[in-house]
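In what follows, every chain begins at residue 1, and chains take the letters A, B, ... in the order their sequences are listed.
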There are 2 protein chains.
Amino acid sequence: MNDFTFQNPTKVLFGRNQLEHLPEELKNFGTRVLMVYGGGSIKRNGLYDKLMGLMTGAGLTVFELPGVEPNPRHTTVNKGVAICRENDVEVILAVGGGSTIDCAKGIAATTLSSSDNVWDLVEHKVSYTEALPIVTVVTIAATGSEMDTGAVISNMDLNIKSGIGSPICRPKVTFEDPELTFTVPAYQTACGSFDIMSHIFDVAYFSNQPQMDMLERIQEEVLKTVVKYAPVAIAEPDNYEARANLMWASSWALNDFLYCGVRQMTACHAMEHELSAYYDITHGLGLAILTPRWLAYILDENTAPKIRQFGVRVMGIEATDDVMSDARKAIDALADFCFKTLGLESHLSSLGIGEENFEKMAQAACRGGELYSFKNLKKEDIVNIYRMCL
Amino acid sequence: MNDFTFQNPTKVLFGRNQLEHLPEELKNFGTRVLMVYGGGSIKRNGLYDKLMGLMTGAGLTVFELPGVEPNPRHTTVNKGVAICRENDVEVILAVGGGSTIDCAKGIAATTLSSSDNVWDLVEHKVSYTEALPIVTVVTIAATGSEMDTGAVISNMDLNIKSGIGSPICRPKVTFEDPELTFTVPAYQTACGSFDIMSHIFDVAYFSNQPQMDMLERIQEEVLKTVVKYAPVAIAEPDNYEARANLMWASSWALNDFLYCGVRQMTACHAMEHELSAYYDITHGLGLAILTPRWLAYILDENTAPKIRQFGVRVMGIEATDDVMSDARKAIDALADFCFKTLGLESHLSSLGIGEENFEKMAQAACRGGELYSFKNLKKEDIVNIYRMCL
């Protein structure tokens, strides 16, 4: 069990009647706000008007950066930086999911750096030691970016999905109203739900590292929460209980608590980032396609006991004396959950993806060496796993 | 499910090699330190010398308030206030368990108030809106005061155990080194372990309120952590895994996360505070004596399902179709855990406590009205429960 430091000061206002507090929370940081948001769903569902009404009614001056992409582009971040600098923005309001919040983090850090290009920060050419304060209004349960320090940014010119990470990027205040996710379509609900699971799998759970027993058990409970409530939210989009459990699960899957004392690994995330960088697919979908194949590929006598434990404790399979067989059943149960219960596409070929870039993607995922993981992966291993996903 | 706000900014440095960072953490707040500690065990086990060496070696000026009692007295808090004011203390270092940390909270808030008597704050005669920063070094897994906002203070002149509570009292930085608890005797380990369980029982778990399913499951995992590791720590005092799990469990049993959205109740804590106020018994022991009797007293068709759930999910009893019988088995299993596994005294009479003050104590516990709880308790109910404990 390793030593660790834990601190997560994000203030979360959770529930149906919290948004009215948005103006007072923003005013703690200033009156000049940059509102960052995505493709326009918040205009269709009325959230945009509600937030603008609240803010302008409270005398706040609001600038806007609309159109943040899923897998947010560095060029979009840079647009936000220019707006902040030209208008002396004091606080950034991110309204959306992980992409929008990550974009806001890039803007917040770059604006107070010496560069006007977030990619300089990604490439460590420019240091960042302070950031504009960020307030978020979460509209999908998925990435957990709302209580986390990291931001993933895509550079499509270079086919690189990389990022920045620092406590200075952690949102100061986060609003989580489960009702705001009632309008999230089934497909996005499914992708977001698997993203939650993948954070736990990838960063802590599927590992040979010594873990604190209590935290491992809590990881399993958060996984079970997703297994239980994702299908409910898909079948009944306005089920408050399901949406609330998924929303709070998403924040706690990536806010440092579940990983205390564990050296973070990110096997499937590293492989998926290449898929997104080359083909711009939805992050949660890429993770769902990769994870069962990854587990099948690394299954051996060392990894089987933990995979079996997952099957027994989370997926409800019956334990037998045959550890390897139980582990296979666990992987099958996970694949069934992804591709039948959640209804996600199971093959890359169905998304129009062939093996043309696998060598380059694998090289990037392991950075020319080994991808540290439950079982370390070389470039050839990663190519093999990509092929299993075809 | 109720709306809630969650924020817990305490920085925790957890593990074997963290104490070396104490001087730098203190220096973030100042160089004039009041070290608050208890009855001298830290002098016997070398911790006092280690801490003093670290602090004086780093150029810090250290004042001392030794002798904080279990159930800390308001008079002791007031001594600390005088030291802080006379010496321009900038930061308080609490070394110990809940009593010491609570005493530090009283000192921190009173010093920056307009009074020199913490009891004025307890009685709301004087407001408190700021406090000196508090750093803690935890030496027993029990109260969770190290990440919490509350402080329980005893006034033995009035036989009142009451307290203060505010985010300003929450420790800024907490050191948790499980090895520091290797020397905690079996009896104190048992009392502290039950205190952890009681926070979950009393504030959230035993309740008819609608809860978030994920949080209820995590409450059960933390309870199971204590049931599993408390006997290990008693049998093997230097078992790091057991001590670490108990220590992290104690912090998370009372740092607001497990209670998100639940209206806090404190039936057994309210009854126990009167026991401590009149007889100065160990808090965790009083809770262990009271809790199984309280559950037996309130057992009816409304409360039985949750009590049974506790038995099945936490204590491992087998579920049958007879809910009431299962609930009784759950209570028996809890009593066995307290009085056999943990080895705690099971009767107040064995502690020399008779029923002479039960009427007054019950009156105080319900403040002359009803004690809001899983099943509300009137004065007569509380007297009956005390009698069951004789």
Q | Neighbourhood of chain A inside residues 226-238 of chain B, taking heavy atoms under 4.5 Å as contact | A | Lys228(B), Tyr229(B)
**Q.** Glu221(B) side chain to Met214(A) backbone, donor-acceptor under 3.5 Å
**A.** no
(Q) So, taking the atom named CG in Asp3(A) and the one named CD in Glu176(B), what distance separates them when rounded to the nearest 0.5 Å? (A) 12.0 Å
Q: Tell me, yes or no, whether the heavy-atom count around Lys306(B) atom NZ, taken from other residues, nucleotides or ligands under 6.0 Å, exceeds 12.
A: yes
Q. Most heavy-atom pairs under 4.5 angstrom with chain A, which of Asp177(B), Thr10(B), Val173(B)?
A. Thr10(B)
Q: Quick one: sort the Phe14(B) and Phe4(A) rings into parallel, tilted or perpendicular, breaks at 30° and 60°.
A: parallel
Q.
Quick check for you: among Arg217(B), Met212(B), Met147(B), which has the greatest number of heavy-atom pairs under 4.5 Å with chain A?
A. Met212(B)
Q. What part of Thr5(B) is in contact with chain A, defined as an atom under 4.5 angstrom from a non-hydrogen atom: side chain, backbone, both or neither?
A. both
Q. Quick one: does Lys224(A)'s side chain get under 4.5 Å of Asp213(B)'s, heavy atoms only?
A. no
Q: Determine the option with the most heavy-atom pairs under 4.5 angstrom with chain B, choosing from Val12(A), Asn2(A), Thr225(A).
A: Val12(A)
Q | Nearest-0.5 Å distance that lies between atom CD in Gln7(B) and atom NZ in Lys172(A) | A | 10.0 Å
Q. Just wondering, more than 12 heavy atoms not from Glu318(B) lying within 6.0 Å of its CD?
A. no
Q) Of the backbone (N, CA, C, O) and the side chain (C-beta and beyond), which part of Asn8(B) lies under 4.5 Å from a heavy atom of chain A, both, or neither? A) backbone
Q) Where do Trp252(A) and Ile218(B) land on the side-chain contact (heavy atoms from CB on, under 4.5 Å) test, with the steps shown first? A) CA-CA 12 Å; Trp252(A) 286 83; Ile218(B) 296 177; over 6 Å; no
**Q.** Distance in Å, Arg16(B) CZ paired with Met1(A) CE, rounded so as to fall on 0.5 Å steps
**A.** 8.0 Å
